Amino acid sequence: MTTSTAPGLLDLWRETGDGWFPLLCEPLLRIALGHLQEGLSPGAVVLDLGSGRGYLTSALARYGARAVGVDASPAELRQSRARYPSGRYVAALAEALPLDDASVDALLSVSMLQYTDRARALAECRRVLKPGGRFAVVENLYGSPWARTYRLAERIARPSAQPRSHLSWQGRHLYEAYFGEVRYRPFHLLSPGLLTWTGIHRHPGGAAGRMLRALSRGVQRVDDALLTVPALRPLGWLVLIHGTR
């Protein structure tokens with residue numbers, strides 16, 4: 001969609017300086033956004049399902065897509081419109097999308113389907129995505145020891161904002177009932193230990209940022225090697241599920 005010298009989706013996301021533990025999630029988003037970018041043509045309609053603060057919707061819009069951010073939270077949508085006005089934002093549930101059949105060229109969803117009736121939400125994703133359209137979904141896996149500790153703290157801190165269900169590694173095959181081509185890649189076996197470093201919570205700069213990035217890349221390489229072992233894959237924190245309709 002853009003020229004070879006223009007910034008890609010990952011670069012545009014980085015420029016927002018926003019995101020959930022961005023340095024930790026960058027390897028995952030590199031693959032997810034790269035997958036979507038390969039299939040985008042000028043003016044493509046891209047759905048950011050569970051758009052939250054709107055930083056990914058903004059990156060998609062700045063890339064040249066007609067980006068639609070859908071979220072069920074009016075507060076999040078107000079924040080998105082104020083901070084990232086380049087996107088279009090719609091209040092809706094994932095289980096009842098206000099979009100026409102086969103009206104979306106590509107779909108992105110990050111850590112949102114855990115709050116939904118997953119089967120109904122995936123049926124809606126299939127309905128609105130064009131045949132051959134690309135999707136990239138990030139799910140939180142059930143079996144991660146790191147995630148279980150984090151979720152316990154979240155239940156104490158925010159008891160009213162808890163997910164309905166986390167995806168099990170075995171349950172990932174549900175996606176194959178809705179999409180024609182599906183690939184799975186787990187992430188974050190050991191790397192969540194970096195959450196104790198405050199720099200992981202933002203896009204770091206300077207010498208300290210370079211050191212933290214190097215450390216993060218090293219841990220990610222160890223994770224990548226370990227997560228090729230079938231018995232360890234269910235213990236990842238996140239899984240990237242991507243493919244085509």
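Sequential numbering from 1 along the given sequence is applied to the chain's residues. Here the structure is a predicted model, which is why all the values come from computation and not from measurement.
Using modelled atom types, one side-chain atom of Ser168 and one backbone atom of Gly171 make a donor-acceptor pair closer than 3.5 Å. The backbone N or O of Tyr84 sits less than 3.5 Å from a side-chain atom of Tyr89, completing a donor-acceptor pair. Not one N or O on the side chain of Ser80 forms a donor-acceptor pair closer than 3.5 Å with the backbone of Pro85.
Under the 4.5 Å side-chain criterion, counting only non-hydrogen atoms from C-beta, Lys130 is not in contact with Val104. A 4.5 Å side-chain heavy-atom check between Leu189 and Trp237 finds every atom pair outside the cut-off. The shortest side-chain heavy-atom distance between Leu29 and Leu10 falls under the 4.5 Å cut-off. In this structure, Leu113 and Glu139 have side chains that are in contact, with non-hydrogen atoms separated by less than 4.5 Å. At least one side-chain heavy atom of Leu24 sits under 4.5 Å from a side-chain heavy atom of Gln220. Looking at Val128 and Asp100, their side chains never come closer than 4.5 Å, going by heavy atoms from C-beta outward. Side chains of Asn140 and Arg151 form a contact here, defined as non-hydrogen atoms less than 4.5 Å apart. Between Gln162 and Tyr115 the shortest side-chain heavy-atom distance does not fall below 4.5 Å.
Between atom CG of residue Leu167 and atom CD1 of residue Ile241 there is a gap of 5.5 Å, rounded to the nearest 0.5 Å. Here the straight-line distance linking atom CG of Leu9 with atom OH of Tyr63 works out to 5.5 Å at 0.5 Å rounding. Remark: Gln79 CD to Arg53 CZ distance equals 6.5 Å, nearest 0.5 Å. Between the CD atom in Glu26 and the CD1 atom in Ile31 there is a gap of 11.5 Å [rounded to 0.5 Å]. Remark: Arg127 CZ to Leu122 CG distance equals 13.5 Å, nearest 0.5 Å. Here SG of Cys125 is found 11.0 Å from CZ of Arg245. Values are rounded to the nearest 0.5 Å.
The two residues Leu190 and Asp223 make their nearest non-hydrogen contact at N-OD1, 2.7 Å. Contact detail for Ala225 and Thr228: the closest heavy-atom pair is O-OG1, 2.6 Å. Scanning all heavy atoms of the two residues, the minimum distance from Pro234 to Pro230 falls at CD-O, 3.4 Å. Scanning all heavy atoms of the two residues, the minimum distance from Leu93 to Ala72 falls at CD2-CB, 3.8 Å. In terms of heavy-atom proximity, Leu36 sits nearest to Ala136 at CD2-N, 4.0 Å. The minimum heavy-atom distance between Leu77 and Ser51, with the atom names listed, is CD2-OG, 4.4 Å.
Using a cutoff of 4.0 Å between basic side-chain nitrogens and carboxylate oxygens, Arg120 and Glu124 are not scored as salt-bridged. At a threshold of 4.0 Å, the pair Arg66-Asp105 does not count as salt-bridged, since none of the basic side-chain nitrogens sits closer than that to a carboxylate oxygen. Looking at Arg62 and Glu15, a side-chain N of the basic residue comes within less than 4.0 Å of a carboxylate O on the acidic one, giving a salt bridge. Using a cut-off of 4.0 Å between Lys/Arg side-chain N and Asp/Glu carboxylate O, Asp224 and Arg221 are scored as not salt-bridged.
The salt bridge (charged side-chain N to carboxylate O under 4.0 Å, His left out) check on Arg233 picks up nothing, with sequence neighbours excluded. Considering only residues two or more places apart in sequence or on other chains, Glu181 meets the salt bridge (charged side-chain N to carboxylate O under 4.0 Å, His left out) condition with Arg183. In this structure Glu76 satisfies the salt bridge (charged side-chain N to carboxylate O under 4.0 Å, His left out) test with no other residue, sequence neighbours excluded.
By the 6.0 Å and 45° rule, Arg126 does not stack over the aromatic ring of Tyr178. A cation-pi arrangement is absent between Arg148 and Trp146 under the rule of less than 6.0 angstrom and at most 45 degrees off the ring axis.
Between Phe135 and Phe179, the ring planes are parallel. Angles under 30° get that label, and only those over 60° would be called perpendicular.
With ring centers used as reference points, Tyr142 lies 6.0 Å or more from Trp169.
Connection of Met112 to Val182 is established within a shared hydrophobic cluster, with ILVMFWY side chains joined at heavy-atom distances below 4.5 Å, either directly or through further cluster members. Under a hydrophobic clustering in which Ile, Leu, Val, Met, Phe, Trp and Tyr are joined whenever their side-chain heavy atoms come within less than 4.5 Å, directly or via other members, Tyr150 and Val138 fall into the same cluster. By the rule that hydrophobic residues join a cluster once side-chain heavy atoms approach within less than 4.5 Å of another member, Leu28 and Trp13 end up as members of one cluster. Tyr55 and Val68 end up in different hydrophobic clusters when Ile, Leu, Val, Met, Phe, Trp and Tyr side chains are linked at under 4.5 Å. Under the 4.5 Å side-chain contact rule for hydrophobic residues, Val110 and Leu49 do not share a cluster.
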Just do the side-chain contact (heavy atoms from CB on, under 4.5 Å) check on Leu240 and Phe187 with the steps written out, would you? CA-CA 8 Å; Leu240 170 62; Phe187 285 83; 4.0 Å; yes
side-chain contact (heavy atoms from CB on, under 4.5 Å) evaluation trace for Leu238 with Leu141: CA-CA 5 Å; Leu238 300 175; Leu141 286 172; over 6 Å; no
Determine whether Leu107 and Val137 satisfy the following criterion, side-chain contact (heavy atoms from CB on, under 4.5 Å), listing intermediate values before the conclusion. CA-CA 8 Å; Leu107 182 149; Val137 176; 4.3 Å; yes
Step by step, work out the side-chain contact (heavy atoms from CB on, under 4.5 Å) result for Arg164 and Thr116. CA-CA 6 Å; Arg164 292 182 61 164; Thr116 71; 5.6 Å; no
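The only member of Leu97, Thr57, Leu108, Leu60 that meets side-chain contact (heavy atoms from CB on, under 4.5 Å) when paired with Leu47 is Leu97.
Counted within 6.0 Å of CZ on Arg88, heavy atoms from surrounding residues, nucleotides or ligands total 12 or fewer; the atom is thus considered open.
Side-chain contact of Arg118 with Ser165: a donor-acceptor pair under 3.5 Å is present, judged by distance alone. For the residue pair Arg185/His242, the side-chain donor-acceptor check at 3.5 Å is not satisfied.
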